[in-house]
Amino acid sequence: MVLSFIACNNPKEHTAPAIYARDSVAMMTSYGVNTLISDSGVMKYRIVTERWEVNENLNPKRWIFRRGLFLEQFDEKFHVEAYIQADTAFCFTEQNLWHLIGNVRVRTIDGLRYSSEELYWDQNKHELYSYKFSRLVTPEREMEGSYFRSDEQLRRYFITNSKGSFMQSDMFKEDTTSHKASSDSVVVPKRGMTMPHRKTHPQPLP
C-alpha cells in the first residue's frame with residue numbers, strides 16, 4: 001500500500017509537440033491592407049490585399065500574400081504605370097524577388113495585357129519572366145508561348161514556342177547581316193533588343 005501511494009503521487013507528465021514549427025509563424029500579420037510602398041524615398045507601389053504576412057524566420061525572409069494581391073506601380077510623378085494582380089504572392093525581401101502564382105494579370109497604361117499562372121519579377125534586374133504558358137495582348141498583336149521574358153515596363157519582351165496574330169505592318173524583312181530568328185520564337189523589333197533565355201530559375205517555395 002505504501003508503494004502504491006508513492007506511485008500515485010508521482011504522475012507522469014504528458015507533453016505533445018508544438019502544432020506549428022517556430023519558423024513557420026509570421027512575425028506580423030495584417031488584414032485589410034491598402035498601403036503605399038516607397039523606393040529610395042519615392043512612392044513606387046500601392047499594395048491592396050486581404051492578408052499580409054511578414055515572416056523573417058524563414059530562409060529566405062519573405063512577405064506572404066495568401067489571399068490575393070493587387071499592386072499598382074507608379075512613375076516618378078505618381079502616375080499609374082501598371083496594375084498587377086495574382087491569387088497568391090511571395091516577396092523575398094532580401095533578393096527583391098516577387099513570385100506571383102495563380103491567375104496572374106498585368107495591365108499597362110499603354111493597353112498591354114499579360115496573363116499566366118505564374119510570373120517572377122526580379123526588381124534587381126528590372127525584369128519579368130515566366131516558365132509557364134503566357135498570353136500577351138497589345139493593341140497591335142496577340143501572342144502566346146511557354147516562355148516569357150520582359151523588362152519591367154513591358155516595352156521589350158520575348159516569347160518562345162509561340163503562336164499568335166500580327167498586323168501586316170508588324171512583319172519585317174530578314175536582314176542578311178542579322179541573326180535569324182528561330183522558328184519557335186517571336187522577336188519584336190519595334191520594342192528593342194530581345195533578352196536571352198536563362199536556363200536556371202528560382203524554384204517555387206511554400
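Numbering starts at 1 and runs along the sequence shown. The basis for the numbers below is simple: all heavy atoms, side chains too, and nothing from hydrogens, waters or symmetry mates.
Applying the side-chain hydrogen bond (donor to acceptor under 3.5 Å, both in side chains) rule to Asp75 yields no partners; only residues at least two apart in sequence or on another chain are considered. Considering only residues two or more places apart in sequence or on other chains, Ser146 meets the side-chain hydrogen bond (donor to acceptor under 3.5 Å, both in side chains) condition with Asn161.
Contact record, Phe133 with Ser116: O-OG, 2.9 Å, taken as the closest heavy-atom pair. Between Arg51 and Thr29, the shortest heavy-atom contact is NE-CG2, 3.7 Å. Closest approach of Leu58 and Asn55 over heavy atoms only: N-OD1, 3.2 Å.
Side-chain contact between Arg149 and Tyr131: present, with at least one pair of heavy atoms (C-beta onward) separated by less than 4.5 Å. Counting only heavy atoms from C-beta outward, the side chains of Leu36 and Arg46 approach each other to under 4.5 Å. With contacts defined as side-chain heavy-atom distances shorter than 4.5 Å, the pair Asn103/Glu117 qualifies. Counting heavy atoms from C-beta outward, His99 and Glu118 have side chains that approach closer than 4.5 Å. Side-chain contact check for Leu71 versus Phe65: every heavy-atom pair is 4.5 Å or farther apart. In this structure the side chain of Val42 never reaches within 4.5 angstrom of the side chain of Phe74, judged on heavy atoms.
Of the possible donor and acceptor atoms, none in the side chain of Thr88 sits under 3.5 Å from a partner among the backbone N and O of Ala86.
Phe92 does not carry Arg62 over the face of its six-membered ring by the limits of under 6.0 Å from the centre and within 45° of the normal.
Taking CE of Met27 as the reference point, atom CG of Asn57 lies at 6.0 Å (rounded to 0.5 Å). Going from atom CH2 of Trp52 over to atom CD1 of Ile64 covers 12.5 Å, rounded to the nearest 0.5 Å. Here the NZ atom belonging to Lys61 is positioned 5.0 Å from the CD atom belonging to Glu56, to the nearest 0.5 angstrom. Going from atom OH of Tyr31 over to atom OG1 of Thr49 covers 11.0 Å, rounded to the nearest 0.5 Å. In this structure, OH on Tyr157 lies 10.0 Å from CG on Asp151, to the nearest 0.5 angstrom. Residue Tyr129 holds its OH atom at 9.0 Å from CG of Leu119, rounded to the nearest 0.5 Å.
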His126 and Gln153: CA distance, side-chain angles, deciding distance, side-chain contact (heavy atoms from CB on, under 4.5 Å) verdict: CA-CA 9 Å; His126 305 288; Gln153 289 75 32; over 6 Å; no
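In terms of hydrophobic clustering, with Ile, Leu, Val, Met, Phe, Trp and Tyr side chains grouped at heavy-atom distances under 4.5 Å, Val104 and Phe70 are assigned to different clusters. Residue Met28 is grouped with residue Val33 when hydrophobic side chains (ILVMFWY) are merged at heavy-atom distances under 4.5 angstrom, including chains of intermediate members. With hydrophobic clusters built from ILVMFWY side chains whose heavy atoms lie under 4.5 angstrom apart, Leu128 does not share a cluster with Tyr83. Under a hydrophobic clustering in which Ile, Leu, Val, Met, Phe, Trp and Tyr are joined whenever their side-chain heavy atoms come within less than 4.5 Å, directly or via other members, Val48 and Leu100 fall into different clusters. Under the 4.5 Å side-chain heavy-atom criterion for ILVMFWY residues, a single connected hydrophobic cluster contains both Val106 and Ile37.
Of the residues Phe158, Tyr120, Tyr114, the one that meets the side-chain contact (heavy atoms from CB on, under 4.5 Å) test with Phe148 is Tyr114.
The residues Glu142 and Arg135 are annotated as salt-bridged, a charged nitrogen and a carboxylate oxygen being separated by less than 4.0 angstrom.
Taking the six-membered ring for Trp and thresholds of 30 and 60 degrees, Trp98 and Trp121 have nearly parallel ring planes, at less than 30 degrees apart.
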